Amino acid sequence: MSDEIKRIGVFTSGGDAPGMNAAIRAVVRTAAYSHIDVYGIRRGYQGMIDNDFVELKSRSVANIIQLGGTVLKTARCDDFRTPEGRALAAKNLKTQQIDALVCIGGNGSYTGAMKLYEEHRIPTIGLPGTIDNDLYGTDFTIGYDTAINTACDAIDKIRDTAGSHNRVFLVEVMGRDAGFIALAVGISGGAEAIFIPEQKGEMSQLMDHFKDTSRRTKSFSIVVVAEGDRQGGALAIQDRLETEFDDIDVRTTILGHIQRGGSPTARDRVLASQLGYEAVEALRKGEVSKAVGIVGGEVILTDFEVAIGKSKQVNPDLIRMAEILAN
Ligand code: ATP
């Protein structure tokens, strides 16, 4: 056990995700249980540079577990990308007598924390907070479950209004580089086709499907598209379909930021609570520069360097299954 740690800082960084507040609460209460003080740092690395700290006690985090977004706010901070910016942040942390940090964010935030340790020996444990689920070292990220439930709910609503023949509903979901959201939403929403950045060939498959009128037996089709798909997103696919087919009515819905919002699901709250607790325990054991995650039901720590360097792959069996179930 490291008895060096008397005070930790907690912050959220990068894009916000539902469940971040549950993670903050878990960090504060776990630390309080071990008689460690906690300071919240507002607006991520920007707050570290601007000296924007607030002391958090157990009661300060009451009634936030159910809230979306992050009570500490988040920001993207270019100054922290420079050695001078990080030196100023380290100086402020030392003045506040903060010995260690818990960072809730994505790969960029982990990179910043890794550099802060290399240059100034301030240890950080990271928690995967992003709706995209694209972080290595954990099966699920905080916010992903809420985002896919929100998107699935939207598809159910579109389905309810979708009675007429030869209509195609394109639903664009988030995922610039990864198809985790689109795949889960496509499967849970019963989509006819799913377009993800990792795959190619979906467009020609979809074209073939509609060209063969004998296969047009469904009254309408739902197609889920990740925003980072190679076709250029749902509107580009709509263009292609409308150019090719006169008799198909195409409607596009871009879900956008509603996927980031809302009250976190129970599953996200449990995950965030568990990871927040484990992050503080890891710091107490003297761990540094690692991300905490859950893989196959086991809590694991992954070096930031590894978590940043490796990419998590979508499960090819799920892609194949989704194709079979769409028939
Ligand atoms: P998301 O998955 O939501 O994009 P993220 O943590 O990857 O989350 P970024 O915007 O990439 O989001 O990074 C958050 C912040 O981390 C940046 O604004 C910056 O302050 C810091 N950061 C990112 N990359 C670096 C880097 N290479 N060196 C130092 N700091 C960095």
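No experiment lies behind these values; they were computed from the predicted model shown. For ligands, and for the atoms within them, numbers begin at 1 and follow the listed sequence.
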key: Element-labelled atoms of ligand 1 that are located less than 4.0 Å from some non-hydrogen atom of Arg86   = 29 (C)
ask   = Any side-chain heavy-atom pair from Asn21 and Thr70 closer than 4.5 angstrom?
value = yes
inquiry  = Tell me whether Lys157 is salt-bridged to Asp160, with the criterion being a basic N under 4.0 Å from an acidic carboxylate O.
reply    = no
query = Which bit of Phe80 gets closer than 4.0 Å to ligand 1, counting heavy atoms only: side chain, backbone, both or neither?
reply = both
note = Atoms of ligand 1 under 4.0 Å from any heavy atom of Thr111, numbered from 1 in the order shown, are 26 (C), 27 (N)
request  = Compare Ser109, Ala75, Ala113, Gly112 and give the one whose heavy atom is closest to atom 14 (C) of ligand 1.
outcome  = Ser109
remark   = For Gly106, the atoms of ligand 1 under 4.0 Å from one of its heavy atoms are 5 (P), 6 (O), 7 (O), 8 (O)
task = Report the nearest protein non-hydrogen atom to atom 2 (O) of ligand 1: residue, atom name, distance rounded to 0.1 Å.
result = Thr130 OG1, 3.8 Å
ask   = Which ligand 1 atoms does Ser13 reach within 4.0 Å, using its non-hydrogen atoms?
value = 14 (C), 15 (C)
ask   = Are any of the side-chain nitrogens in Asp249 or Arg251 under 4.0 Å away from the carboxylate oxygens of its partner?
value = yes
ask   = Can you list the ligand 1 atoms lying under 4.0 Å from a non-hydrogen atom of Lys115?
value = 26 (C), 27 (N), 28 (N)
request  = May I ask you to check whether Cys77 has an N/O atom sitting below 3.5 Å from an N/O atom of ligand 1?
outcome  = yes
message = For Glu172, is there any backbone N or O sitting under 3.5 Å from a side-chain donor or acceptor partner on Glu227?
response = no
request  = Quick one: look up the protein heavy atom nearest atom 3 (O) of ligand 1 and list residue, atom name and how far away it is.
outcome  = Gly15 N, 2.8 Å
query = Any idea which of Arg81, Gln46, Met114, Arg76 brings a heavy atom closest to atom 10 (O) of ligand 1?
reply = Arg76
message = So that I can tick it off, tell me whether Glu118 and Lys115 are bridged by a salt bridge, with the cut-off set at under 4.0 angstrom between side-chain N and carboxylate O.
response = no
remark   = atom 5 (P) of ligand 1: of Ala17, Pro83, Gly108, the nearest heavy atom sits on Gly108
request  = Would you please classify the geometry between the Tyr39 ring and the Phe53 ring as parallel, tilted or perpendicular, with 30° and 60° separating the classes?
outcome  = perpendicular
request  = Say whether, by atom type as modelled, one donor and one acceptor occur between the side chain of Lys6 and the main chain of Asp99 under 3.5 angstrom.
outcome  = no
inquiry  = Let's go through Thr253 and Phe169 carefully: what are the C-alpha distance in whole Å and the side-chain angles of both, what is the deciding distance for side-chain contact (heavy atoms from CB on, under 4.5 Å) to 0.1 Å, and is it a yes or a no?
reply    = CA-CA 8 Å; Thr253 306; Phe169 290 88; 5.5 Å; no
